[in-house]
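Before any comments, here is the structure.
Only heavy atoms go into these numbers, but all of them, side chains included; no hydrogens, no water, no symmetry mates.
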Amino acid sequence: MSNQLSLKAGLSRQAQIISFIMIIIIGVISNYIYVLAVYVGPLNEAHGWSMNMIVATYSLSMFCEFPAFLFGGMLVNKFGMKKVLTFCGILYGLAILGSGLAPNVITFMICQGILGSLAMYGIFIATLALINVLFPDRKGLVMGVLYGSQAAGGALMAPLANYFIASFNVSMALILQGVIFTVILFVCCLLVKDPTKGDKELQAKLQAEADEEEAAAIQKAEAKQPTMGWKKAFTHPALWMVFFSIILIQLIGNVLITDISVIGESTYGVSETQSAWVVSAFNIGAGIGGIVIGFISDKIGPYLTTFYLGIIDGILLAILAFAGAGSFTLFAVICVIQGFTYNGITTLNPIMMSDSYDARDLGTVMAFTGIAVIIVGVLGPQFGIMLPFAPMLQICAVSSIIGGILAALAAKSLRKYYKSIGSGCVIR
């Protein structure tokens with residue numbers, strides 16, 4: 001199906017492959033906000049900026065997701081996927097460059113936390129639209145590879161950032177990487193093929209053909225589809241349990257994603273290079289986690305997978321807190337596991353929603369759970385800086401276990417509801 005649609009749009013198999021490779025490169029580079037942890041200490045030392053303000057850049061980026069998706073989708077419809085992708089790619093590189101020229105922390109936050117993040121999410125929405133027409137029957141596989149490569153790309157970006165900081169200074173490191181990213185993103189965006197060539201009618205036709213095939217498959221399993229709409233969802237306990245489960249399980253991940261370097265250097269006295277390698281290890285874990293956890297979820301269900309992740313994660317954190325808080329090696333191992341869990345839970349959240357609620361209301365319930373992501377994205381980075389290391393781990397261990405239990409209770413509550421209305425919907 002994918003190849004047939006591409007041929008109808010005048011796109012060869014080779015062009016498909018090149019586009020896929022370019023999309024992967026674009027995705028890897030445009031996730032630089034997740035390497036912020038490497039810059040926290042150097043920016044504080046070089047400019048005297050508050051660490052709380054620096055890590056707040058990551059939290060600020062969370063608020064950019066909604067407007068970027070909303071207006072990015074409109075711009076894609078108006079100007080075409082490739083033009084939006086190219087514009088956002090250039091803007092992203094320039095935002096990184098601008099953050100290196102920032103005279104104060106507020107300007108830095110605007111460059112990376114707002115402009116860079118809006119461009120990052122704009123790239124993401126344009127990429128999604130391209131994948132939809134480039135690989136209509138392989139969207140799940142391609143998205144899985146994209147998510148995994150983006151997270152694993154942080155493993156490359158962290159030591160690269162540390163190398164530039166050590167070779168120059170922190171501001172020049174951002175400036176040079178901004179220039180490099182702008183050039184690479186511009187070239188990659190030019191090489192990506194838009195099979196619709198901006199033709200809205202052709203894009204609609206290709207999408208309609210893909211939707212027909214998907215609709216036929218959905219119709220066969222219609223009796224098993226979830227039917228709970230948003231009004232019922234907000235009065236039913238399951239959605240609220242998932243909401244708090246996200247916050248509790250994701251707390252430690254949002255601490256580490258920005259604070260690994262600070263914790264490594266202040267708690268264990270290691271060098272910036274060693275801390276950068278731990279940031280890299282976290283991202284390697286994240287890359288593997290998205291793919292592996294998605295695979296496990298297909299076998300046993302997203303709710304049960306979340307339950308096991310929460311419990312196991314809590315136990316591992318407790319071990320580090322009570323038995324090995326003085327070991328940097330154990331800390332590094334835990335960071336790998338936390339990266340695995342962090343991206344795994346991120347992968348599971350939309351699957352849980354799509355398995356539980358009416359497809360017509362997925363946007364509403366996903367927006368609601370997005371509030372939980374914003375809350376923990378704001379709370380986590382500050383939490384890691386404000387509290388001593390061992391007590392922070394103890395709190396995160398308990399919260400992770402409670403979050404896993406809440407996910408199991410949410411599944412039980414949903415099963416009871418669908419059984420009561422005679423639905424064949426299966427909640428796992």
| task | Report the C-alpha distance between Ile249 and Leu309 in whole Å, list the side-chain angles of each, state the deciding distance to 0.1 Å, and finish with yes or no for side-chain contact (heavy atoms from CB on, under 4.5 Å). | result | CA-CA 8 Å; Ile249 296 179; Leu309 278 179; 5.7 Å; no

| task | Let me see the working for Thr306 and Met352 under side-chain contact (heavy atoms from CB on, under 4.5 Å), right down to the final yes or no. | result | CA-CA 9 Å; Thr306 302; Met352 293 165 75; 3.6 Å; yes

| said: Assess the residue pair Phe181 and Tyr92 against the criterion (ring pair (Phe, Tyr, Trp, His ring centres under 6.0 Å)); give the C-alpha distance rounded to whole Å, side-chain angles, the decisive distance to 0.1 Å, and a yes or no. | reply: CA-CA 8 Å; Phe181 291 169; Tyr92 183 83; 7.0 Å; no

| query | When you look at Ile106 and Met53, which way does the side-chain contact (heavy atoms from CB on, under 4.5 Å) test go after all the steps? | reply | CA-CA 8 Å; Ile106 298 299; Met53 293 291 285; 3.6 Å; yes

| request: Start with the C-alpha gap between Val378 and Leu60, add the side-chain angles, then the distance that decides, and say whether side-chain contact (heavy atoms from CB on, under 4.5 Å) holds. | output: CA-CA 8 Å; Val378 172; Leu60 186 62; over 6 Å; no

| request: Check step by step if ring pair (Phe, Tyr, Trp, His ring centres under 6.0 Å) holds for Tyr357 and Trp230. | output: CA-CA 8 Å; Tyr357 302 101; Trp230 70 269; over 10 Å; no

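Not counting sequence neighbours, the partners of Ser99 by the side chain to side chain donor-acceptor pair (under 3.5 Å) test are Gln112. Scanning for ring pair (Phe, Tyr, Trp, His ring centres under 6.0 Å) contacts around Phe383 gives an empty result, with sequence neighbours left out. A search for side chain to side chain donor-acceptor pair (under 3.5 Å) contacts involving Glu45 returns nothing, not counting sequence neighbours.
Within the model, atoms CD1 of Ile18 and SG of Cys188 stand 11.5 Å from one another, a figure rounded to the nearest 0.5 Å. Rounding to the nearest 0.5 Å gives a distance of 9.0 Å between CG of Leu176 and CG of Asn169. For the atom pair CG (Leu101) and SG (Cys111), the distance works out to 8.0 Å, reported to the nearest 0.5 Å. Taken from OG in Ser275 to CD1 in Ile263, the straight-line distance is 10.0 Å, to the nearest 0.5 Å. With rounding to the nearest 0.5 angstrom, the CG atom of Leu115 is 12.5 Å from the CE atom of Met120. If you take CD1 on Ile293 and OG1 on Thr341, they are separated by 7.0 Å, rounding to the nearest 0.5 Å.
The main-chain N or O of Leu379 is never found under 3.5 Å from a side-chain atom of Gln382 such that the two would form a donor-acceptor pair. Panel note: side chain Ser19, backbone Lys193; a donor-acceptor pair is recorded below 3.5 Å. Side chain of Thr107 to main chain of Pro103: no donor-acceptor pair is present (N/O by atom type, distance under 3.5 Å, no hydrogens or angles). Here the side chain of Asn44 pairs a donor or acceptor atom with the backbone of Trp49 at under 3.5 angstrom. Of the possible donor and acceptor atoms, none in the side chain of Ser356 sits under 3.5 Å from a partner among the backbone N and O of Met353. Of the possible donor and acceptor atoms, one in the side chain of Ser30 sits under 3.5 Å from a partner among the backbone N and O of Ile26. Not one N or O on the side chain of Arg415 forms a donor-acceptor pair closer than 3.5 Å with the backbone of Ala410.
In this structure the side chain of Thr127 never reaches within 4.5 angstrom of the side chain of Met81, judged on heavy atoms. At least one side-chain heavy atom of Ile405 sits under 4.5 Å from a side-chain heavy atom of Ile311. When side chains are defined from C-beta on, Met228 counts as touching Tyr417, because their heavy atoms get closer than 4.5 Å. Contact annotation: the side chain of Ser171 approaches that of His47 to within less than 4.5 Å [non-hydrogen atoms, C-beta and beyond]. Side-chain contact between Gln177 and Ile175 is absent, with no heavy-atom pair separated by less than 4.5 Å. Looking at heavy atoms from C-beta onward, Leu185 lies out of side-chain contact with Ile90 at the 4.5 angstrom threshold. Looking at heavy atoms from C-beta onward, Leu191 lies out of side-chain contact with Phe186 at the 4.5 angstrom threshold. No side-chain heavy atom of Ile312 sits less than 4.5 Å from a side-chain heavy atom of Phe307.
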N/O donor-acceptor pairs under 3.5 Å from side chains in residues 238-246, not counting sequence neighbours:
unit_1: Trp240; atom_1: NE1; unit_2: Phe234; atom_2: O; d: 2.9
unit_1: Ser245; atom_1: OG; unit_2: Gly403; atom_2: O; d: 2.7

Side-chain donor-acceptor contacts of residues 365-374 below 3.5 Å, not counting sequence neighbours, with atom names and distances?
unit_1: Thr369; atom_1: OG1; unit_2: Val365; atom_2: O; d: 3.4
unit_1: Thr369; atom_1: OG1; unit_2: Met366; atom_2: O; d: 2.9

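In the model, Asn254 has a side-chain atom that pairs as donor or acceptor with a side-chain atom of Tyr58 under 3.5 Å.
Within 6.0 Å of the OH atom in Tyr418, the count of heavy atoms belonging to other residues, nucleotides or ligands exceeds 12.
Residue pairs meeting the side chain to side chain donor-acceptor pair (under 3.5 Å) criterion with at least one member in residues 80-89, sequence neighbours excluded, do not occur.
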